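Please read these numbers as outputs of a predicted model, since none were measured by experiment. Just so it is clear: chains get the letters A, B, ... in the order the sequence lines come, proteins before strands, and each one is counted from 1.
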Amino acid sequence: MLTIRLALIFDSILRTMLLHSSRLVIKPVGWTKVIAALCLLDIFAVEPCSAQEIVIKNGQKIAVLGDLVTRWDATDYPQQVIRGLEANGIHVGLIHVGCMGTTDKMLGILDEKVIAQKPDWMILNCGIDDAWGNRTTDQYIKDITRIVEKTEAAGIKVVLSIATMVGEDPDSHYNGIIAAYNTALRQQAREKKWLLADFDMPAALVAAGGGAKTHRSSGLLTNGTVFLNPMGNELLVLAILRTLGLDTAQIQKARDSWLDRTDLCKAKAALTVRQNEQLAALAAKEKRPASEVLGEMVAKALAACPQQ
Amino acid sequence: MTDSLKKIAIVCVLLTAWAASGYTQNIVIKNGEKIVFLGDSITAIGADSPAGYARQVIRGLEANGIKASMVGAGVGGNKSDQMLARMDTDVVAQHPDWMTLSCGVNDVWFDLPLDQYRQNITKIVEKAQAENIKVVIMTATGIYEDPAGSKNQEMLPYNAFLRQLAREKNCLLADPNADLQAAVIAAGGGAQSKLGNVMTSDGIHPNALGNQVVALSLLKALGLDAVQLQKARNAWLDLPHLCDVELQGSLTLRQYEELDALGAKQNRPTPEIIGDLVSKSLDEAASLPVKAVGAPAPVVIEKADWHGYQKQVFNIDGCAAYVVVPEKTLPGNPWVWRTSFPDFQPVVDLELIKRGYHIGYIEILGLLGCDKALDLMDEFYAQATTQWGLAPKPALEPCSRGGLPAYRYAARHPDRIACIYGDAPVMDFKSWPLGYPDAKKSDWAGLLKDYGFKSDAEAMAYPFNPIDQLAPIAKARIPIRHVICLNDRIVPPEQNTLEAKRRLEKMGWTLEAVSVKESNDCDGHHFPYPDVPGSVRFIMKNTGAPLDDQK
């Protein structure tokens with residue numbers, strides 16, 4: 001079982017962390033190690049939810065249908081999927097379907113926004129808005145099944161993604177709903193032999209020292225709300241690439257292609273209100289977005305730091 | 001730019017505005033009371049995030065000695081029907097003393113008809129009141145940071161209804177929509193700005209600064225005066241790591257992973273690690289002379305009388321200016337911006353100030369609308385919308401030669417103008433002063449000098465007369481009404497209003513010309529205004545105020 005394998009992997013990472021702590025040798029266990037472990041151990045290659053070779057071909061088109069997590073700027077996961085494929089010589093087109101909310105709404109626009117565009121593939125990522133709307137697991141799975149069946153009937157192949165989290169507390173009301181969605185989705189994917197980009201987000205949070213009751217209680221995989229931060233994006237992207245059939249070496253190639261780019265990383269800095277106002281005033285003076293001014297400051301500060 | 005402007009904070013200016021407007025009342029919420037914050041994702045974030053507006057309200061009250069508790073009842077994507085369905089479980093069952101209601105963004109986004117919205121919101125308010133829960137109605141915050149944008153235009157009647165309902169049901173009204181729009185302008189944002197979103201993270205969800213504005217709107221509605229608001233702000237101003245602020249275009253993923261590893265090592269969230277990195281730079285930047293664009297320092301005012309109302313007189317770069325304050329302001333602080341001859345036939349203005357409008361004026365008439373005049377108007381606008389907190393979109397009111405600055409300003413900032421009501425405005429300086437034989441020669445000479453023309457020929461070839469710059473006004477669909485006299489020889493309608501009308505119609509827009517046939521006064525240029533009630537209604541309708549017959 002995928003989740004059991006994941007749990008074992010994270011358990012081993014956690015043990016490493018604890019071991020170091022008990023010796024008072026505090027060694028960072030950041031995402032480099034977590035992701036490297038995920039790649040090395042080949043955890044996404046689980047039948048029947050992943051392909052065994054790269055199934056997407058040069059020149060094909062992917063439509064990405066999602067809820068509000070599926071945003072459309074250069075830093076978000078659909079663009080990163082494209083970059084990862086490009087690094088492996090596969091150039092594909094991306095169709096921006098847009099943020100469509102709950103699965104029933106997605107079903108409503110499927111013909112016009114997806115099928116009519118004639119993509120070869122569709123990536124489907126949804127669940128946050130359904131959870132917010134307190135929709136039942138049955139409703140969620142029923143809609144997903146209908147979307148997949150309809151899309152496949154039109155000759156379009158589908159990659160599903162697990163639903164990501166609302167904030168980073170696995171015990172919250174909405175994350176409880178999402179966990180139930182994901183359990184049902186995994187089961188349905190196995191039964192129907194769907195391609196499912198899967199990773200255990202709550203376990204990944206624990207591996208990075210997160211969780212509701214820790215000091216690292218937010219901002220590990222999300223920006224504190226529902227939007228994925230660079231690490232969350234990367235985990236989702238890797239899961240999708242793996243599901244599309246990229247092997248470990250190809251995944252590594254994908255990672256290498258984006259690790260040193262500055263246009264894929266939308267991070268956050270925690271400031272005081274006063275500092276935030278000062279930043280806004282500086283941005284206004286320079287007539288530039290505050291995010292850009294802050295980005296430069298961070299880059300300068302990093303350049304001035306001794307290598308860790 | 002002076003050192004005293006070093007640390008101007010946008011919302012500080014808003015606070016000053018409220019202080020200047022003499023806003024005083026008692027805090028209505030009592031120690032130990034409970035507030036349910038009902039709303040959509042804006043409220044969910046407002047209650048969950050450390051710098052969220054609901055949390056800031058609680059902090060702000062506490063800073064003023066009132067310990068209130070909060071229940072967050074924001075659910076992402078919710079429209080009014082869904083909030084109504086949640087009333088029993090999410091509000092009534094919590095037994096609160098107060099409920100704040102923030103609803104409308106999703107209703108507009110998902111095209112819920114206004115009638116259904118009215119019914120749902122009315123039921124929500126009535127249900128709360130039936131349970132003795134006091135209600136604070138909040139205007140819907142906005143969709144994208146462009147007040148002239150189509151979704152914000154669609155939102156106008158929704159918010160007008162909320163303001164009306166608050167009056168009808170004796171609810172407190174907080175107006176974050178107006179306050180956020182003013183804050184966007186104060187921060188140098190807006191549709192034409194290069195700054196991107198300044199008060200929201202994505203055009204819709206307020207960021208930490210936007211949340212602060214929303215919190216201050218609510219606290220103001222709850223009765224905090226300017227001093228108490230300042231106390232509230234001081235309470236949260238230096239709380240460490242309160243605001244998560246986005247940055248982009250500089251960090252690589254590899255660097256991010258390193259910072260994240262450092263976070264893991266120190267057992268702290270990565271945004272805190274990044275925040276600490278720039279903390280020193282920001283503190284150093286604070287010692288630089290920085291002035292937030294559009295956020296001027298408060299000016300000293302002198303009080304005078306204008307037809308029985310208080311005129312607050314001040315000075316902008318040597319030009320006299322004033323704001324006349326009504327006895328009781330309308331929600332959203334609508335105003336009329338007179339661009340010339342403010343004491344000539346002020347019959348429409350008097351009707352409006354009686355109904356709660358402010359009147360603004362800056363004496364730039366002699367500059368006949370040259371660029372310097374427009375720059376001074378920019379300064380006046382920033383002052384009026386920040387220090388007085390006036391609405392971001394006034395009704396522009398040119399009379400005669402006041403048409404030159406008014407129309408050129410509207411073309412420069414179409415997103416700032418709600419409508420134009422003109423009395424025979426000059427639309428082309430070739431018509432007046434050049435085309436009027438009895439015009440003073442000094443007017444034309446002054447125009448050449450102020451516009452920087454080296455010759456009459458250069459002035460004649462000038463392509464930016466008001467009549468030549470109607471496209472942005474037509475594109476923004478700014479409603480226009482002119483009163484004219486058909487035998488006006490000073491500002492002939494054929495060369496001005498009627499020519500403008502013809503050109504606008506070619507652009508798919510128009511203006512309403514209300515004419516009198518003739519007048520013997522001042523070559524037909526002075527005439528009794530036709531249909532004054534219609535002009536009053538025109539301005540009220542287009543500035544979002546409730547019409548008299550809708551009260």
Side-chain angles (χ1 to χ4, degrees), chain A residues 26 28-32 75 101 129 132-133 167 208-209 215-220 223-225 230-231 234 258-285 287-292 294-302 308, chain B residues 7-11 45 48-49 51 75-77 187-188 194-196 198 208-209 212 236-258 260-265 267-272 274-275 277-279 281-282 285-286 290-294:
Chain A
I26 300 171
V29 181
W31 285 107
T32 310
T75 58
D129 277 320
W132 263 344
H215 291 293
R216 279 165 67 78
S217 59
S218 72
L220 297 183
N223 67 5
T225 57
M231 296 296 93
E234 190 165 27
W258 65 57
L259 263 181
D260 294 308
R261 292 178 68 128
T262 54
D263 60 344
L264 290 175
C265 183
K266 193 186 276 178
K268 288 204 165 192
L271 308 176
T272 65
V273 174
R274 192 190 298 277
Q275 288 170 331
N276 195 8
E277 287 177 353
Q278 184 59 31
L279 174 69
L282 265 176
K285 184 187 170 201
K287 296 198 166 123
R288 291 194 297 153
S291 58
E292 203 177 297
L294 184 61
E296 270 184 20
M297 277 186 183
V298 171
K300 275 185 196 163
L302 272 177
Q308 294 293 325
Chain B
K7 291 185 181 178
I8 285 179
I10 297 137
V11 184
I45 293 166
D48 292 344
S49 106
V75 173
K194 292 176 181 165
L195 270 63
V198 291
L209 288 178
Q212 184 180 212
W236 65 59
L237 203 53
D238 293 308
L239 289 178
H241 307 126
L242 203 64
C243 316
D244 270 353
V245 185
E246 208 159 73
L247 60 112
Q248 63 181 20
S250 59
L251 271 184
T252 64
L253 279 168
R254 193 187 300 279
Q255 287 170 321
Y256 188 89
E257 286 180 1
E258 284 164 8
D260 193 72
L262 196 60
K265 183 179 170 183
N267 200 19
R268 297 168 62 211
T270 312
E272 282 189 22
I274 302 176
L277 267 180
V278 291
S279 180
S281 313
L282 280 169
V290 171
K291 179 188 174 188
V293 171

Atom of A/Ala270, atom of B/His241 and distance for their closest heavy-atom approach: O-CD2, 3.4 Å
Contacting moiety of B/Asp238, where chain A heavy atoms sit under 4.5 Å: both
Residue pair B/Leu209, A/Glu277: steps toward the side-chain contact (heavy atoms from CB on, under 4.5 Å) verdict: CA-CA 7 Å; B/Leu209 288 178; A/Glu277 287 177 353; 3.6 Å; yes
Under 4.5 Å from a heavy atom of chain A, the part of B/Val198 involved: neither
Distance-minimising heavy-atom pair for A/Lys268 and B/Glu246: CE-OE2, 4.0 Å
Reported CD-to-SG distance for the pair B/Glu257 and A/Cys265, which is rounded to 0.5 angstrom: 9.0 Å
B/Leu237 to A/Thr272 - nearest heavy-atom pair and separation: O-CB, 3.6 Å
Minimum-distance pair of heavy atoms, taken over all atoms of B/Leu282 and A/Gln278: O-CG, 3.8 Å
Structural part of A/Glu296 lying under 4.5 Å from a heavy atom of chain B: backbone
Heavy-atom pair with the smallest gap, counting every atom of B/Gly275 and A/Leu271: CA-CD2, 4.1 Å
Interface moiety of B/Leu239 toward chain A, non-hydrogen atoms closer than 4.5 Å: backbone
Heavy-atom pair with the smallest gap, counting every atom of A/Asn276 and B/Ala208: ND2-CB, 3.5 Å
Selection from B/Thr252, B/Val278, B/Ile274 maximising heavy-atom pairs under 4.5 Å formed with chain A: B/Thr252
Spacing of B/Leu277 atom CG and A/Met297 atom CE [to the nearest 0.5 Å]: 12.0 Å
Leading residue by heavy atom contact count with chain B [cutoff under 4.5 Å; candidates A/Leu279, A/Leu294, A/Val273]: A/Val273
Choice from A/Ala301, A/Gly167, A/Ala267, A/Ala290 maximising heavy atom contacts with chain B below 4.5 Å: A/Ala267
